[in-house]
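In what follows, a single structure is set out as structure tokens and then discussed.
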Amino acid sequence: LELTRTGGEAEVYVFDPKYKLDSEGGAEPGDGSPKKADVDKMHAYRDAVRDRTGRRVVTYAATLYPGHTVTYGTDVAALRMYPGEESKLHRSLVLAFGRWMRGDRE
């Protein structure tokens, strides 16, 4: 999701769903925790995606999965997204987008 401020500066929010079935080849057994590889990918998105001037543009990167919400600082997270429990995801998104609405960059 790309949000552009009035002055034209863009910020990107990355949401990457990670739902795996046991029947999928190579699926790891689930213990309710986010997978390290999935969280590492969110860190990579945050650090690697840049604009033409080289400025980092990813403000927030989160994997969406059926486990518990886990945050890694203010800009990387694994967010619980489970049918029927939308209010939990909503609270996490309000926190993430609230920073943008207030104008907080870091």
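A salt bridge does not link Asp38 with Lys36: none of the charged nitrogens is closer than 4.0 Å to a carboxylate oxygen.
Lys41 and Asp16 make their closest contact through CD-OD2, 3.9 Å (heavy atoms, listed as atom of the first residue, atom of the second, distance). Here the closest heavy-atom approach between residue Val76 and residue Met42 is recorded as CG1-CB, 3.8 Å.
A donor-acceptor pair is defined here as one N or O able to donate and one able to accept, closer than 3.5 Å; such a pair exists between the side chain of Glu86 and the backbone of Gly84. Distance alone, capped at 3.5 Å, places no donor-acceptor pair between the Thr4 side chain and the Ala10 backbone. In this structure, the side chain of Arg50 engages the main chain of Asp47 through a donor-acceptor pair within 3.5 Å. Side chain of Arg80 to backbone of Thr69: no donor-acceptor contact under 3.5 angstrom is found.
Using a 4.5 Å cut-off on side-chain heavy atoms (C-beta onward), Leu64 and Leu89 make contact. Residues Lys88 and Met81 fail the side-chain proximity criterion, which asks for heavy atoms closer than 4.5 Å. Contact check for Arg56 versus Asp75: side-chain heavy atoms found under the 4.5 Å cut-off. Contact annotation: the side chain of Leu93 approaches that of Leu79 to within less than 4.5 Å [non-hydrogen atoms, C-beta and beyond].
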Where do Val58 and Tyr13 land on the side chain to side chain contact (heavy atoms under 4.5 Å, CB included) test, with the steps shown first? CA-CA 6 Å; Val58 175; Tyr13 289 72; over 6 Å; no
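Residues Val39 and Val49 fall within the same hydrophobic cluster, defined by Ile, Leu, Val, Met, Phe, Trp and Tyr side chains chained together at heavy-atom separations under 4.5 Å.
Interatomic distance, CZ of Arg46 versus OG1 of Thr59, reported as 11.0 Å (0.5 Å rounding).
For the ring-ring contact (aromatic ring centres under 6.0 Å, His included) condition, no pair includes a residue of residues 33-73, sequence neighbours left out.
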